[in-house]
Every structure is written in C-alpha cells, then in structure tokens.
Amino acid sequence: MTERHDRDPGTPRRGGTLLAAVLSVAVLVSAGVYTGVPGGPDEDGVRGVQGGAGSGKAAGNPARGSARADSASAGGWAATWATAPVGAEPRTGADGWANRSLRNVVHTSVGGTGARVTLSNLYGTAPLNITHASLAVAAAPGSAAAEPGTLRRLLFAGRPSVMVAPGAQIVSDAVALRVPADTDMLISTYTPTPSGPVTYHPRARQVSYVAPGDHAGSVSGAGYARSAQVWRYVTALDVRGGGAEGTVVAFGDSLTDGVTATVGADRRWPDVLADRLAERRDGPRYGVANLGISGNRLLSDGAGRPPGNPSGWSRFERDVLDRTGARVVVVALGVNDILRTPHVTDPRHITEGLRDLTRRAHARGLRVAGATLMPFHGHRGYRPALEEVRQAVNAEIRSGTVFDMVADFDRALRDPRHPRALHPRHDSGDHLHPSDAGYARMAETLDLTALRGHAPAEL
C-alpha cells in the first residue's frame with residue numbers, strides 16, 4: 001500500500017460541478033447486478049433505506065452515535081464486528097419471524113470486557129417487538145450452543161423488552177462479559193408477535209440458527225434446528241475495555257462481503273486483515289468492521305422507493321462515518337458501476353465519486369485507503385471497452401489524487417502473464433471473485449502501519 005503525495009496547492013480542485021452531474025445521472029440508473037453467485041444475478045429483491053434511527057431509540061440510548069463521541073482511544077467503544085443491512089428478507093411478509101428465536105453467529109476481531117449490540121428494523125413495516133435478547137460466547141466455532149457461564153440477557157434502557165419502530169435501530173445497554181478476540185459470538189432475539197419483513201444481510205458466509213418459541217436464553221442450543229447463511233436484525237457488536245484504539249471499516253461490494261469465501265471459515269479479506277492486526281505489535285490495535293454489500297455500486301441505488309442495496313455514496317454516512325470508533329476506511333468500490341447495466345463508461349464519474357467519499361471522511365477525521373479495481377477478464381460481463389474504463393480508474397487511483405493511501409488489489413491478484421485476468425490461484429472460478437487465497441492476498445496488500453494517523457486537512 002502506498003501513501004499519496006499531497007497535491008500541488010496550485011492544482012485546481014475538481015469535484016463540485018462534475019460530481020453534481022454524476023449524482024444527477026446516478027439517480028436515474030437502474031439496478032442490474034453481478035453478485036457472489038458465480039455466473040448468476042442477485043435473485044433477492046431487496047429494498048434500501050437511509051437513516052430512520054430516531055424513532056426507535058430508547059432514552060439515553062442513541063442508535064446512531066457519532067464515531068467521534070464513541071472514541072475508542074478515549075476508553076470508549078470499538079466495533080469488533082458489523083454488517084450492513086441490505087433489505088427485507090424475502091418471504092417474511094407481515095408475519096416476520098413471529099414466535100421464533102433467531103440466533104446469529106458473528107465473529108469478533110478484537111476483544112473486550114464489555115459489549116453492546118445494535119439491532120435494526122430499517123426495512124420493517126411494523127414495530128419490531130423483542131421481548132428477549134441475549135449475547136454469549138459460542139461453545140465452538142459455528143455452534144448454536146453457548147459456552148457455559150457466558151450467556152447474558154440484553155437490556156434496553158434497563159428494560160428486558162424493546163419495541164423498535166419501522167425504519168429504526170436500537171443499541172442495547174452495555175453488558176459485562178469477557179469477549180475474546182477472533183471468536184464466534186451468539187446474538188439471539190425472540191419476537192412473540194408479527195413484526196413485518198425482517199431486516200437482514202444475505203450471503204453472510206456464516207451459518208446462523210432459528211428455533212420455535214423463546215430460546216434466546218438457551219445455553220445448549222438444542223432447539224435451534226433450522227439454519228441459514230444470513231444475519232437477521234443484528235448489525236453491530238461493539239466492545240470496550242480491551243485496549244482497542246478504534247475501528248477500521250472495510251467498505252465495498254461482494255469482493256469485501258466475501259461471497260466466495262469458505263463458509264464459516266472467516267476468510268474474507270477483512271477477516272484476514274483482523275488477524276494481521278492482532279499479530280503485529282507495531283501496527284494499530286483496531287477492530288475491523290465489514291460493511292461490504294454484494295452487488296453494491298458506488299454511484300447508483302437499486303430499484304424501489306426506498307431503494308434496495310443503497311449506493312456506496314448514499315450509505316457512506318450510515319455505514320462508515322457513524323461507525324463506532326471509526327479511524328480509517330478502506331474503500332473498494334467501482335467495479336459494479338462498470339460491469340452492471342447501464343454501464344458507467346466515463347471513468348471520471350467513478351473517480352470523482354471516490355474523491356467525494358474521501359472528502360467526507362476527512363471532514364470527520366478519518367484516513368482513507370483506496371483499492372484499485374481488480375481484473376475481470378473471462379467473466380461473462382467482460383468487454384474490452386469496460387476494461388479500458390477500469391484501467392483509467394486505476395491509473396487515477398495510483399496517481400495519489402483520490403485517496404490518502406493506495407491498496408493495489410489489481411497488481412496483487414492479477415496474472416502477470418495475462419494482467420487483465422485474475423491469477424488462477426486467486427480466482428474462485430467465476431473470473432471476478434477471489435478464492436480464499438485471493439482474499440488473503442488482498443489483506444496482505446494493506447500496509448498496517450500506514451493505517452494509523454490522522455486524515456490530511458485537504459486531499
């Protein structure tokens with residue numbers, strides 16, 4: 001990863017007029033998608049929503065606290081795990097998961113001695129009535145059973161039940177619990193009544209569980225016979241008391257979501273980055289939050305009102321700037337803007353959109369590492385003209401005028417003999433998404449020591 005060079009003060013700043021034109025065009029763009037299923041489009045019709053946190057807050061328990069206010073370096077909170085809400089789970093309708101317990105399995109990056117959980121009803125159309133919620137350390141990787149003595153009931157402003165309004169989210173009270181680093185955790189909720197469509201994140205690459213009735217307090221996990229590779233309602237797990245300096249946010253599409261990584265093995269590139277940060281004594285002590293969404297575009301929302309799969313530009317505040325303890329963001333977006341129909345064929349639209357993310361991050365004191373766009377020759381969407389757009393975007397990124405630092409994912413994963421294609425070792429087989437080895441190589445590209453520091457005053 002290379003540091004950028006400060007721009008000559010006499011160089012004109014680009015952005016205002018071009019970006020306004022880009023975003024005006026972007027709102028008209030519809031939503032075809034290349035996703036993590038090799039050779040196939042996204043089959044889930046999902047909707048998106050921005051904000052909406054206020055109506056679901058308990059008194060004194062903000063759902064969207066500022067990353068500055070939650071400064072981990074000041075002894076506060078850091079995100080040890082997070083995911084982006086993507087839409088309403090298909091076939092959950094008006095009933096939702098009434099009279100069911102949902103046990104989400106999530107994997108930590110850093111540890112702590114206290115924890116809190118964020119639950120979301122962003123895509124719901126009815127109040128979400130949670131009467132029992134709990135947090136526990138998993139007894140074994142991927143297990144629905146809790147390690148004895150670790151299960152804690154979650155409270156919300158001191159109460160065991162909470163009603164989360166449609167479009168809202170809620171943060172639990174802190175619980176005293178030793179949360180280990182690099183460990184599976186169980187976040188369970190019970191909803192006795194119909195609650196409308198379930199807010200979820202598909203393609204979790206992690207198995208979670210469902211049980212009939214109230215099993216949120218179950219240690220054995222015996223009732224959790226049904227499973228699925230999605231996360232429901234839960235969007236964040238924060239910790240404190242473990243010495244973390246803050247959070248690095250991985251912000252991207254399916255290449256960050258890790259849709260071709262081995263299920264349950266935690267081999268997405270943000271997982272490997274978390275392992276590297278834990279092993280290095282000279283690097284920053286950051287939690288890692290994966291805010292990748294499969295099929296995500298930088299400039300265009302999905303279809304519907306509110307939009308499904310909101311663009312990186314529109315969700316940046318929700319998923320990055322308001323992230324607990326955020327210190328640095330790694331941006332890996334743009335390839336879907338090129339590949340998806342209608343294609344973005346002017347590379348300036350993409351690079352100016354990326355520059356705007358950097359400006360917004362700087363305004364909140366975050367450093368920005370940006371990734372080059374990886375090869376896709378051999379993928380069914382490949383066209384020579386689209387390859388030219390990718391090359392132009394990468395040239396601008398490498399020039400040092402887009403981000404503070406550059407993570408050259410393209411150079412790290414391409415085949416030296418065929419540089420428009422992924423190296424076979426790094427290719428999952430669909431010629432777009434990496435293998436486990438490819439994800440590991442992406443994480444190795446990041447310079448850990450360069451992640452620490454403050455954002456420059458001006459790009």
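Note that these values count all heavy atoms, side chains included, but never hydrogens, waters or copies made by symmetry.
Side chains of Tyr209 and Asn104: a donor-acceptor N/O pair is absent below 3.5 angstrom, by distance only. Using modelled atom types, one finds a donor on one side chain and an acceptor on the other under 3.5 Å when comparing Asn296 with Arg315. No hydrogens or angles considered: a donor-acceptor pair under 3.5 Å links the side chains of Thr449 and Asp447. With 3.5 Å as the limit, one finds a donor-acceptor pair spanning the side chains of Ser254 and His433. A donor-acceptor contact closer than 3.5 angstrom links the side chains of Asp301 and Ser314. Looking only at atom types and distance, the side chain of Arg232 has no donor-acceptor partner in the side chain of Thr189 under 3.5 Å away. When only modelled atom types and interatomic distance are considered, Asp404 and His362 share a side-chain donor-acceptor pair under 3.5 Å. Side-chain contact annotation: Thr372 with Asp408, donor-acceptor N/O pair under 3.5 Å present. Using modelled atom types, one finds a donor on one side chain and an acceptor on the other under 3.5 Å when comparing Tyr439 with Thr260. A side-chain donor-acceptor contact under 3.5 Å links His107 and Asp182. Inspection of the Arg103 and Ser188 side chains reveals an N or O donor paired with an N or O acceptor under 3.5 Å.
Looking only at side-chain heavy atoms (C-beta outward), Thr256 and Arg268 stay at 4.5 Å or farther from each other. Residues Val320 and Leu366 have side chains in contact (heavy-atom distance under 4.5 Å, counting atoms from C-beta outward). You'll find the side chain of Asp214 reaches within 4.5 Å of the side chain of Ser101, heavy atoms only. Side-chain atoms of Asp184 and Val106, non-hydrogen and from C-beta on, never get closer than 4.5 Å to each other. Using a 4.5 Å cut-off on side-chain heavy atoms (C-beta onward), Leu291 and Thr83 make no contact. Side-chain atoms of Thr125 and Pro166, non-hydrogen and from C-beta on, never get closer than 4.5 Å to each other. Contact check for Gln169 versus Asn121: no side-chain heavy atoms found under the 4.5 Å cut-off. Residues Leu255 and Pro434 are in side-chain contact: their nearest non-hydrogen atoms beyond the backbone lie under 4.5 Å apart.
The nearest pair of heavy atoms linking Ala84 to Asp319 is CB-OD2, 3.6 Å. The minimum heavy-atom distance between Met442 and Trp269, with the atom names listed, is CE-CD1, 3.2 Å. Residues Asp337 and Leu298 come closest through the heavy atom pair OD1-N, 2.7 Å. Annotation for Gly370 and Ile397: closest pair O-CG2, 4.5 Å, computed over non-hydrogen atoms. Between Thr235 and Trp81, the shortest heavy-atom distance links the atoms C-CZ3, 3.6 Å. Of all the heavy atoms in Ala326 and Val249, the pair that sits closest is CB-CG2, 4.3 Å.
Formation of a donor-acceptor pair under 3.5 Å by the Thr150 side chain with backbone atoms of Ala136 is not found in this model. Looking at Asp257, its side chain never comes within 3.5 Å of a backbone N or O of Val259 through a donor-acceptor pair. With hydrogens and angles ignored, the 3.5 Å screen pairs a side-chain donor or acceptor of Arg364 with a backbone N or O of Leu321. The main-chain N or O of Trp313 is found under 3.5 Å from a side-chain atom of Arg360 such that the two form a donor-acceptor pair. The backbone N or O of Ala265 sits nowhere less than 3.5 Å from a side-chain atom of Thr262 that would complete a donor-acceptor pair. When atom types are taken as modelled, the side chain of Ser109 and the backbone of Val288 share a donor-acceptor pair closer than 3.5 angstrom. Judged purely by atom type and a 3.5 angstrom limit, Arg205 has no side-chain atom pairing as donor or acceptor with the backbone of Gln229. Between the side chain of Asn99 and the main chain of Thr191, no donor-acceptor pair closer than 3.5 Å is present. Checking side-chain atoms of Thr445 against main-chain N and O of Ala443 turns up no donor-acceptor pair under 3.5 Å. Between the side chain of Arg267 and the backbone N or O of Gly264 there is no donor-acceptor pair closer than 3.5 Å.
Between Arg323 and Glu317, no side-chain nitrogen of the basic residue sits less than 4.0 Å from a carboxylate oxygen of the acidic one, so the salt-bridge criterion is not met. Look at Asp238 and Arg116 and you find a salt bridge, because one of the NZ, NE, NH1 or NH2 atoms lies within 4.0 Å of a carboxylate O, short of that distance. Of the charged side-chain nitrogens involved, at least one lies within less than 4.0 Å of a carboxylate oxygen, so that Arg441 and Glu444 count as a salt-bridged pair.
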Working for side-chain contact (heavy atoms from CB on, under 4.5 Å), residues Met185 and Val105
CA-CA 6 Å; Met185 301 291 294; Val105 179; over 6 Å; no
Apply side-chain contact (heavy atoms from CB on, under 4.5 Å) to the pair Thr108 and Val110, showing each step before the final yes or no.
CA-CA 6 Å; Thr108 63; Val110 291; over 6 Å; no
Would you please test Val117 and Val234 for side-chain contact (heavy atoms from CB on, under 4.5 Å) and show each step?
CA-CA 7 Å; Val117 169; Val234 63; 4.0 Å; yes
Go through Arg355 and Glu352 one step at a time and tell me if the salt bridge (charged side-chain N to carboxylate O under 4.0 Å, His left out) criterion holds.
CA-CA 5 Å; Arg355 279 193 185 89; Glu352 192 51 48; 3.7 Å; yes
Between Leu135 and Leu186, does the side-chain contact (heavy atoms from CB on, under 4.5 Å) criterion hold? Intermediate values first, please.
CA-CA 6 Å; Leu135 174 68; Leu186 309 178; over 6 Å; no
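More than 12 heavy atoms of other residues, nucleotides or ligands lie within 6.0 Å of CZ in Arg280, so this atom counts as buried by the packing criterion.
Once rounded to the nearest 0.5 Å, the distance linking CG of Asp356 with OG1 of Thr351 reads 11.5 Å. Separating the OH atom in Tyr190 from the NE2 atom in His132 is a distance of 11.0 Å, to the nearest 0.5 Å. Between the OG atom of Ser435 and the CG atom of Asp430 there is a distance of 10.5 Å, given to the nearest 0.5 Å.
Screening Asn129, Thr131, Leu128 against Thr193 for a side chain to side chain contact (heavy atoms under 4.5 Å, CB included) leaves a single residue, Asn129.
Centroid-to-centroid, the aromatic rings of Trp97 and Tyr233 stay 6.0 Å apart or farther.
Trp231 and His201 have tilted rings, their planes meeting at an angle from 30° to 60° on a 0 to 90° scale.
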